[in-house]
2 protein chains.
Amino acid sequence: MPEERSRTPAGQRILAAAEELFYERGITAVGVDLIAEHSGLTKRTLYNQFGSKDHLVTAYLTERDQRWRTLVRDTVDACADPVEAVTAPFAALRTWGRTNTRGCAFVNALAELPDPAHPAHRVAADQKHWLLDLFRELATAAGCAHPAPLATRLLVLHEGALATQPLALDTLAESTDLARGLVRASLRTGGRDGTRR
Amino acid sequence: MPEERSRTPAGQRILAAAEELFYERGITAVGVDLIAEHSGLTKRTLYNQFGSKDHLVTAYLTERDQRWRTLVRDTVDACADPVEAVTAPFAALRTWGRTNTRGCAFVNALAELPDPAHPAHRVAADQKHWLLDLFRELATAAGCAHPAPLATRLLVLHEGALATQPLALDTLAESTDLARGLVRASLRTGGRDGTRR
DNA sequence: CCAGAATTACACTGATCTGTGAACCACCCA
DNA sequence: TGGGTGGTTCACAGATCAGTGTAATTCTGG
C-alpha cells in the first residue's frame with residue numbers, strides 16, 4: 001500500500017471515483033469492479049495502488065477529511081471578526097452541503113463498519129475531536145472565559161444540522177442562528193450563561 | 001409477506017434476532033443465514049415469514065420505530081408539568097441510549113440504503129417528522145406562542161445528541177440543558193427570543 | 001534507445017450472498 | 001382419523017464479491 005505521496009495519476013482517479021461512489025451509494029454497496037469501471041481504470045491497477053478495499057476505504061475517508069478540514073480552516077481564516085469566526089464552521093457547512101447531501105460521510109461509514117478496529121473509526125473520531133478542539137480554540141480566541149462547554153454545545157448543533165440535512169427543513173439556518181446566540185450569550189456573561197453546575 | 005398481525009412466534013424470534021444484528025453490525029453486513037442461526041430458526045422459515053430480506057429490513061425498522069415512539073410517549077405522559085414535558089424526549093433518549101449505543105438506527109439505515117424508493121426511507125423520514133410534530137404540539141401545550149421554530153431547534157439538538165453519542169462526550173446532558181434553556185426563553189418572551197426574521 | 005515502472009487484458013479462484021424446490025415432520029383441531 | 005398449518009432439512013441455483021496470476025503493453029526519465 002503506497003503512501004499518498006507516491007500516489008499515481010491513475011491512483012488519484014480511482015480514489016476520486018471511489019469517493020463519489022462510496023459517499024453516494026454506501027461503502028458495502030459499492031464493489032471494486034464498479035469503482036474501476038467508473039474511473040476508467042482497471043481493477044488490477046486499483047489493487048496495485050491500494051492493496052485492498054479496506055485500504056481504499058481508509059484513503060477515501062482520509063482524503064475527504066482533509067478536504068473538509070481545509071474548507072473549514074479557510075472559512076475560519078476569512079473571518080476578520082474573531083467572534084464571527086467561532087461560528088464559521090457553520091458557514092462552511094452551508095458550502096459543503098451544497099454538494100454533499102447524504103449527511104456525514106463518517107457517521108455513515110461507522111454505520112457500515114461496526115468493527116472498532118477498522119481504521120475508519122479512528123479517522124471519524126479524530127475528525128469530530130478536531131472540530132471540538134477548533135471550537136474551543138476559537139471560543140478562547142474570541143474572549144470566552146469558559147470555552148469547553150460552549151464548544152461541546154456548538155458541536156452538538158453542528159452534528160444536528162448535519163444529521164437533519166436530508167430532511168430538507170432548513171435546520172442549518174436554525175442551528176447557525178442558535179450557535180451565534182450561544183456565542184453572544186457566552187461573551188456577555190463571561191461564559192457562564194445557561195451552563196450547568 | 002404476512003401482515004404483522006399474523007406474525008408467528010417463530011417470526012417474532014427471527015425479527016428479534018434481526019433487530020439486534022442489523023443494529024449492532026449493519027444491515028448489509030448481516031446475511032439472512034446469520035439471522036437464522038442467531039434466532040435458532042431456519043432460513044426457510046425466515047423467507048416463509050418475511051418473503052425477502054428487504055421486507056425483513058422494513059419490519060425491523062418499523063418495529064424499532066414503534067418501540068421508540070412508545071418510550072417517548074410514555075416519558076412525555078409521565079410529566080405532570082407541561083413545560084417539562086417539552087424536553088421529555090431528551091429524557092427518553094437517555095433511557096434509550098443505555099441499550100442503543102450505535103447511534104440512530106434510521107440514519108444508519110439510510111446510509112446503507114441510498115435508494116430513495118426503499119421503504120426504509122419513508123419509515124425514517126416519518127419518524128423524524130413525527131418527533132418534530134410532537135415537539136411542536138408540546139411547545140404549544142406549554143404555552144409557547146411560536147412553537148414551530150422552537151420545535152425545529154429542539155429537533156436539531158435531539159439529532160445532534162444522537163449523532164455525537166458514540167463520541168462518549170456527555171453531549172446528551174449538554175443538549176438537554178440547552179433544550180430546557182430554549183424552552184424557558186421561548187416562554188418568557190412569547191416564543192420570539194433569538195429567532196430570526 | 002533502453003530500463004524500469006505503471007497499466008492493461010483477461011481468465012480465474014474461492015467465498016459469500018439472496019433466494020428456491022421439494023420432501024418430510026409435528027402438532028392441533030375438527 | 002385426517003387435513004392443514006408451520007417448521008425443518010438439505011441441496012442447490014445464480015449472482016456477486018474481493019482478490020490473484022500472468023503475460024503483454026504503454027509510459028517515462030535518463
Side-chain angles (χ1 to χ4, degrees), chain A residues 1-22 24-61 109 111-115 117-120, chain B residues 1-22 24-61 109 111-115 117-120:
Chain A
M1 43 177 169
E3 299 300 318
E4 61 176 306
R5 292 299 113 208
S6 69
R7 192 161 288 148
T8 279
Q12 293 173 17
R13 287 177 58 191
I14 288 173
L15 184 55
E19 281 190 55
E20 186 184 336
L21 289 169
F22 281 155
E24 291 298 328
R25 309 194 196 180
I27 293 173
T28 28
V30 167
V32 287
D33 294 271
L34 186 66
I35 294 171
E37 185 190 339
H38 263 67
S39 66
L41 281 302
T42 313
K43 185 167 63 163
R44 204 67 190 80
T45 303
L46 188 155
Y47 276 96
N48 287 342
Q49 288 291 319
F50 296 94
S52 73
K53 188 184 178 180
D54 259 9
H55 287 130
L56 180 58
V57 168
T58 306
Y60 147 62
L61 291 172
E112 296 196 64
L113 311 167
D115 179 13
H118 196 287
Chain B
M1 43 177 170
E3 299 301 317
E4 60 175 308
R5 292 299 113 209
S6 69
R7 193 161 288 148
T8 280
Q12 292 173 16
R13 288 177 57 190
I14 288 172
L15 184 54
E19 281 190 57
E20 186 184 336
L21 289 169
F22 281 155
E24 290 298 328
R25 309 194 195 180
I27 293 173
T28 28
V30 168
V32 288
D33 294 272
L34 187 65
I35 295 170
E37 186 190 338
H38 263 68
S39 65
L41 281 304
T42 314
K43 184 169 65 163
R44 203 71 190 78
T45 303
L46 189 156
Y47 276 96
N48 286 343
Q49 288 291 318
F50 295 95
S52 74
K53 187 185 177 179
D54 258 9
H55 287 130
L56 180 58
V57 168
T58 306
Y60 148 63
L61 291 172
E112 296 196 65
L113 311 167
D115 178 14
H118 196 286

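Chain letters run A, B, ... following the sequence lines, proteins first, then strands; residues in each count from 1.
Rounded to a whole Å, the CG atom of B:Asn48 is 11 Å from the C1' atom of C:dT20. When the C1' atom of D:dA18 is taken as reference, atom CG of A:Asp33 falls 8 Å away, rounded to whole Å. One atom, CG of B:Leu46, and another, P of D:dT8, lie 11 Å apart when rounded to the nearest Å. Computed from coordinates, the B:Lys43 NZ to D:dG6 P distance equals 21 Å when rounded to whole Å. As rounded to whole Å, 7 Å separates atom P of C:dT7 from atom CG of A:Leu41.
Taking every side-chain heavy atom of A:Tyr47 into account, D:dG19 is the closest of D:dG7, D:dG19, C:dA6. Closest to the side chain of A:Thr42, out of D:dT8, C:dA9, C:dG19, is C:dA9.
No N or O donor and acceptor, one from the side chain of A:Lys53 and one from the base of D:dG19, sit under 3.5 Å apart. Under 3.5 Å, the side chain of B:Arg44 and the base of D:dG6 form no donor-acceptor pair of N or O atoms.
Between A:Thr45 and C:dA6, a side-chain N or O to OP1/OP2 separation shorter than 4.0 Å is absent.
Within the 4.0 angstrom heavy-atom criterion, only backbone atoms of the sugar-phosphate kind lie near B:Thr8; the bases stay farther away.
When each of B:Ala10 and A:Gly31 is assigned the nucleotide of DNA chain D with its nearest heavy atom, B:Ala10 is the one assigned upstream, toward the 5' end.
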